[in-house]
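So the structure is just underneath, and the comments pick up after that.
Position 1 is the first residue of the sequence, and the numbers go up from there. Nothing here was measured: the structure is a model prediction, and the numbers come from that model.
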Amino acid sequence: MDEIEASHSEDPLKKSGMNKYTIVCALLASTNSILLGYDIGVMSGAVILIKDYFKITRTQHEILVGTLNVFSLIGSLASGKTSDIIGRRYTIVLAACTFLIGALLMGLAPSYPFLMAGRGVAGIGVGYALMIAPVYTAELSPAMNRGFLTSLPEVFITFGLLLGYIVNYALSGLPLHISWRLMLGLAAVPAIGIGFGVIAMPESPRWLVMKGKLGEAKKVLIRTSASEEEAQLRLEEITKAAIQGPESAHEGGSVWKEILLRPTRPTRRMLIAAIGINFFMQASGNDAVVYYCPEVFKAAGIHNKRQLFGVNAIMGLAKALFVLFSALKLDKYGRRPLLLLGSAGMVVSLFGLGLGSKFLEHSTEKPIWAIALCVVAVCADVSFFSIGLGPITWVYSSEIFPMRLRAQASSLAISVNRLVSGVVSMTFLSISHKITFGGIFFVFAGIMLVGTVFFYFFLPETKGRTLEDMETIFEDRDTTKINKVREMRDVP
């Protein structure tokens with residue numbers, strides 16, 4: 001009863017709003033994620049033209065697509081230590097500059113190996129961006145609006161995806177030797193804009209506290225809080241959390257020892273939750289579905305390139321609408337309800353896609369209704385992903401770890417994300433060639449069924465809690481119990 005009564009107590013930190021400056025900073029940080037979204041969207045179409053231009057094999061096709069994800073593993077692993085040393089803000093600049101170099105290399109590539117090198121460099125930049133944007137935003141945001149603000153990276157990934165589809169459609173009529181180069185090279189434009197935009201952003205107040213710069217941290221908190229009183233309360237809570245951590249926690253080696261060798265019970269549960277949600281995000285096959293959507297629809301009977309790019313654009317629009325819905329409702333309904341809804345919806349959608357694909361594989365006439373079923377199932381799959389796993393993975397990974405571990409623990413979880421994404425995208429065509437597209441979609445449906453069960457039992461609700469409260473949430477031995485307490489507290 002004491003826990004429940006305490007949860008009803010007035011807490012100005014949990015009732016605070018967000019100001020325009022906080023929104024602008026979160027938007028600027030999250031624009032980094034456009035880079036990955038644009039690459040996924042544009043490459044799904046550009047690779048069709050690249051295959052014709054360089055005459056590459058199916059294996060080279062897979063390696064070309066998956067290289068960016070594999071090399072992003074390097075960026076995501078390095079990003080934790082890097083952001084602890086140079087700060088969150090300059091890590092965002094580093095991500096944008098690295099991707100800029102990669103985009104230029106891809107757009108100017110005279111050969112397939114040169115193109116691969118460009119994707120490798122761009123991948124490192126993507127790895128940095130995926131970790132740092134949600135971490136920076138989570139550290140800047142008030143508790144009651146953190147869900148919306150830290151889901152913005154997924155909103156921008158989806159916006160970048162849609163932008164890539166539109167560019168594919170618009171440039172597909174150009175000569176072959178120009179079209180794919182423009183598609184890939186245009187990614188340099190948002191990278192340049194992000195680099196300049198960071199000038200207007202402050203450093204993370206939690207990073208400043210870790211470095212002992214309390215005066216600067218307070219100035220940032222005053223600008224990002226509803227009142228000076230709230231800023232002081234947030235500063236006191238952040239400082240208290242920093243003092244409670246081990247003195248050696250800011251040393252990289254000690255942090256990794258605490259994460260991997262001697263984790264406390266809450267830290268172990270946080271790692272399981274963060275690594276688990278990142279694993280299932282990519283094991284769901286969403287990136288592969290997006291990257292290889294034209295191949296799937298070719299097999300379904302759609303062969304015209306502009307029609308293929310048009311279907312991609314419809315899919316991107318569906319993703320954009322639903323990720324906006326999720327971002328706006330995360331702080332109202334919480335993480336768990338939207339995550340479970342999205343995951344269960346993906347199971348049904350992937351099963352439907354498998355059925356439609358299987359029917360078309362055994363049909364010579366390719367009936368319109370079966371093609372329509374596949375198109376609807378793909379749009380439903382990416383839409384449910386955008387409601388649940390898409391935005392919530394970034395929110396959860398960035399908010400659950402204590403300040404002393406946050407950057408490097410988040411980078412570990414996101415490294416798992418990139419590794420699984422690389423494996424899936426580099427094997428999708430080969431596996432589907434052996435077990436058919438229908439078979440691989442049934443496999444993804446089964447994986448997501450397991451994922452839905454995992455989310456139910458291992459991911460507690462974090463809505464409305466400050467970052468400094470997370471260890472208390474994960475200390476509770478019964479996830480179901482703590483979620484019921486959250487629900488009772490939220491009843492008006």
Side-chain angles (χ1 to χ4, degrees), residues 29-30 32-33 36-37 40 69 72-73 76 79-80 126-127 129-138 146-158 160-161 269-290 319 322-327 329-331 333-346 381-401 406 409-422 424-425 444 447-448 450-452 454-456 458-463 470:
S30 300
N32 236 355
S33 302
L36 174 61
I40 294 173
N69 294 321
S72 69
L73 178 65
S76 56
S79 58
V126 165
L130 286 178
M131 192 289 289
I132 196 60
V135 166
Y136 173 86
T137 306
R146 193 177 59 248
F148 167 67
L149 293 174
T150 51
S151 66
L152 287 176
E154 180 64 20
V155 173
F156 278 94
I157 288 175
T158 304
L161 189 77
R269 289 190 64 196
M270 291 171 184
L271 283 170
I272 291 170
I275 290 174
I277 193 171
N278 275 277
F279 170 83
F280 284 111
M281 180 188 193
Q282 297 302 339
S284 69
N286 180 76
D287 276 9
V289 169
V290 174
K319 275 182 70 71
F322 281 96
V323 78
L324 280 173
F325 168 81
S326 181
K329 299 300 180 182
L330 260 177
D331 290 311
Y333 298 124
R335 285 55 159 161
R336 274 173 61 88
L338 291 178
L339 179 60
L340 293 172
L341 170 64
S343 301
M346 287 180 71
D381 177 53
V382 298
S383 297
F384 279 115
F385 177 87
S386 296
I387 289 173
L389 270 174
I392 294 170
T393 298
W394 308 122
V395 173
Y396 221 79
S397 300
S398 63
E399 72 180 359
I400 62 175
F401 293 107
R406 185 172 300 126
S410 295
S411 74
L412 176 63
I414 292 168
S415 296
V416 172
N417 181 302
R418 304 323 301 158
L419 177 63
V420 177
S421 177
V424 171
S425 58
F444 288 147
I447 290 171
M448 280 312 303
V450 175
T452 304
F454 174 85
F455 302 146
Y456 181 82
F458 289 96
L459 273 67
E461 182 58 74
T462 57
K463 180 185 76 168
M470 295 301 167

Task: Flag side-chain contact, heavy atom, 4.5 Å: Asn286 against Phe384 - done: no
Open item on the list: Once side-chain contact (heavy atoms from CB on, under 4.5 Å) is applied, do any residues pair with Val424, and if so which ones, sequence neighbours excluded?
Closed with: Ala288, Val420, Phe444
Task: Chi angles and distances behind the side chain to side chain contact (heavy atoms under 4.5 Å, CB included) call for Val323, Phe156 - done: CA-CA 9 Å; Val323 78; Phe156 278 94; over 6 Å; no
TODO: Would you check if Trp394 and Asn417 make a side-chain contact, meaning some heavy-atom pair closer than 4.5 Å?
DONE: yes
- [ ] Would you name the heavy atoms of Pro391 and Glu154 that are closest together and state the gap between them?
- [x] N-CG, 3.3 Å
Task: Distance-minimising heavy-atom pair for Ser72 and Val126 - done: CB-CG1, 4.2 Å
TODO: With rounding to the nearest 0.5 Å, note down the distance linking CD1 in Ile157 to CG in Asn32.
DONE: 10.5 Å
Open item on the list: Please report the interatomic distance CZ(Arg418) to CG(Leu36), rounded to the nearest 0.5 Å.
Closed with: 5.5 Å
Open item on the list: For Val135, is there any backbone N or O sitting under 3.5 Å from a side-chain donor or acceptor partner on Ser398?
Closed with: no
- [ ] Describe, in one word, how the ring planes of Phe280 and Phe455 are oriented to each other, choosing from parallel (under 30°), tilted (30 to 60°) and perpendicular (over 60°).
- [x] perpendicular
Task: Nearest-0.5 Å distance that lies between atom CG in Leu341 and atom OG1 in Thr452 - done: 10.0 Å
Task: Gap separating the OG atom of Ser151 from the CD1 atom of Ile392, nearest 0.5 angstrom - done: 8.5 Å
Task: Heavy-atom pair of closest approach, residues Phe401 and Ser410 - done: CD1-OG, 3.9 Å
Open item on the list: Measuring from atom CD1 of Ile277 to atom OG1 of Thr393, what distance do you get when rounded to the nearest 0.5 angstrom?
Closed with: 4.0 Å
Open item on the list: For Lys319, run the side-chain contact (heavy atoms from CB on, under 4.5 Å) check against Asp381, Leu161, Ile387, Leu324 and tell me which one passes.
Closed with: Leu161
TODO: Give a yes or no answer on whether the side chain of Ser76 reaches the backbone of Leu73 with a donor-acceptor pair at less than 3.5 Å.
DONE: yes
Open item on the list: Ignoring hydrogens and geometry beyond distance, is a side-chain donor-acceptor pair present between Asn278 and Ser397 at under 3.5 Å?
Closed with: yes
Open item on the list: Could you tell me if the side chain of Tyr396 sits less than 4.5 Å from the side chain of Thr150, heavy atoms only?
Closed with: no
Task: Reported CD1-to-OG distance for the pair Ile132 and Ser30, which is rounded to 0.5 angstrom - done: 11.5 Å
Task: Set of residues satisfying side-chain hydrogen bond (donor to acceptor under 3.5 Å, both in side chains) with respect to Ser425, sequence neighbours excluded - done: Asn69
Task: Close side-chain approach of Tyr456 and Arg336, heavy atoms under 4.5 Å - done: yes
Task: Closest approach of Ser415 to Ser411 (non-hydrogen atoms, all atoms of both residues) - done: OG-O, 2.6 Å
Task: Residues in salt bridge (Lys or Arg N to Asp or Glu O under 4.0 Å) contact with Glu399, at least two apart in sequence or another chain - done: Arg146, Arg335
- [ ] Say whether, by atom type as modelled, one donor and one acceptor occur between the side chain of Ser284 and the main chain of Met281 under 3.5 angstrom.
- [x] yes
Task: Non-hydrogen atoms of Pro337 and Tyr333 that approach each other most closely - done: CG-O, 3.2 Å
- [ ] Taking all heavy atoms of Ala133 and all of Ser33, pick out the closest pair and write down the distance.
- [x] CB-OG, 4.2 Å
Open item on the list: Main chain of Phe322, side chain of Ser326: is a donor-acceptor contact present, judged purely on distance under 3.5 Å?
Closed with: no
